[in-house]
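Sequence lines set the chain letters: A, B, ... in the order given, protein chains first and strands last, and positions in each chain run from 1. Values below: every heavy atom of this structure, side chains too, minus hydrogens, waters and symmetry copies.
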2 protein chains.
Amino acid sequence: MIETDDPELACPIAPAVDLVFSRWTTPILWALHTYGRQRFVQLERRLSSITPKVLTQRLRQLERDGLVTRTYHPEVPPRVEYEITPLGQSLAPLFAGLADWADENLPKVHEARAVFDAR
Amino acid sequence: MIETDDPELACPIAPAVDLVFSRWTTPILWALHTYGRQRFVQLERRLSSITPKVLTQRLRQLERDGLVTRTYHPEVPPRVEYEITPLGQSLAPLFAGLADWADENLPKVHEARAVFDAR
DNA sequence: CTGTATCCGATACGATACTG
DNA sequence: CAGTATCGTATCGGATACAG
């Protein structure tokens, strides 16, 4: 039995989880991965329930983390395009694996909930 | 180009993300997966920064979702043991994949942050 | 169009104390 | 030991309005 004094960080995937699965990041990355390079307003419409403030916050974070690039075109009106990076693309197999897991196991989760709630 | 009116849910992994990567779930599942069946107080000590209230909340949620079982032994003092279910175990390959991704790519993320912050 | 600024409410978390 | 109850707080996200 391994013992540790820093148990929370003893979960080796915690940093990656914080990075990849913080709120709005998967829908944004999914949109960029699926529909390709697109403008701010396109993302805003696709993620219909997001506000511009939050979308900006998340895009900045993703840009800082190297998962997304931001390209500014100094025109009138201004045009900004966001695109997923190779580093962001490298998450695709993970997302696919998660989608497969969900296809196979989400029904079991709902079944478990029904059983649990029936008490 | 596919178009949809429900863009947030157009991210097919969103439900699974909510289920698996909500706060504290990965450290708890990791502890149960790594160290096996254990008591409430053992989990509490391993996740040193968690409070009993939150630990209870998360364990109930995991139990309801079928990822964890709770076994109550009516003794004095009472003894309760938690164990990961086969459904919970089915997440192991996903977690391993995430760990591999982190090993290879977290350094790149930190590098990207350093570059970004240097402006 | 692409954001920023402000305010606000909900939620979630932690601290603490207490019970069976 | 295994929780529950209560309280205070902090953070985050949404709504709205506005600017370059």
Summary of protein contacts for nucleotides 4-20 of chain C, nucleotide by nucleotide, where a base hit scores B, a sugar-phosphate-only hit scores S (4.0 Å, heavy atoms)
S-BB-----BB-----B
Side-chain donor/acceptor of B/Thr85 to backbone N/O of B/Thr69, under 3.5 Å
no
So, the side chain of A/Gln38 versus the backbone of A/Gly36: is there a donor-acceptor pair under 3.5 Å, distance only?
yes
Rounded to the Å, how far apart are B/Glu75 CD and D/dG3 P?
13 Å
Is any side-chain heavy atom of B/Leu59 less than 4.5 Å from a side-chain heavy atom of B/Phe40?
yes
Think B/Arg79 has a side-chain N or O under 4.0 angstrom from the OP1 or OP2 of D/dA2?
no
Take the protein atom CZ of A/Arg70 and the nucleotide atom C1' of C/dT2, then report the distance between them rounded to whole Å.
8 Å
B/Leu59 CG - D/dA2 P separation (whole Å)
11 Å
Can you list everything that forms a salt bridge (charged side-chain N to carboxylate O under 4.0 Å, His left out) with B/Glu75? Sequence neighbours excluded, please.
B/Arg79
Kindly say if B/Arg45 contacts the phosphate of D/dA2, meaning a side-chain N or O under 4.0 Å from OP1 or OP2.
no
Could you pull out every donor-acceptor pair under 3.5 Å between side chains of residues 88-100 of chain B and any protein atom, sequence neighbours left out?
unit_1, atom_1, unit_2, atom_2, d
B/Ser90, OG, A/Trp101, NE1, 2.9
B/Ser90, OG, B/Leu87, O, 2.5

From CD of A/Glu81 across to P of C/dC1 the rounded distance in Å is 14 Å
Distance below 4.0 Å between A/Tyr82 side-chain N/O and C/dC1 OP1 or OP2
no
To the nearest angstrom, how far is A/Glu63 atom CD from C/dG3 atom P?
9 Å
Which residues pass the salt bridge (charged side-chain N to carboxylate O under 4.0 Å, His left out) test with A/Arg70, not counting sequence neighbours?
none
To the nearest Å, how far apart are B/Glu44 CD and D/dA2 P?
9 Å
Counting only pairs under 3.5 Å, give me each side-chain donor-acceptor contact of residues 25-32 of chain B, with atom names and distances, residues two or more places apart or in other chains.
unit_1, atom_1, unit_2, atom_2, d
B/Thr25, OG1, B/Val20, O, 2.6
B/Thr25, OG1, B/Ser22, O, 2.7
B/Trp30, NE1, B/Thr34, OG1, 3.1

Check A/Glu81 with A/Arg39, please: is the shortest side-chain N to carboxylate O separation under 4.0 Å?
no
Difference in axis direction between the ends of the helix from C/dC1-D/dG20 to C/dG20-D/dC1, five pairs, 10°
50°
Side-chain touch B/Thr71/B/Val80, heavy atoms, less than 4.5 angstrom
no
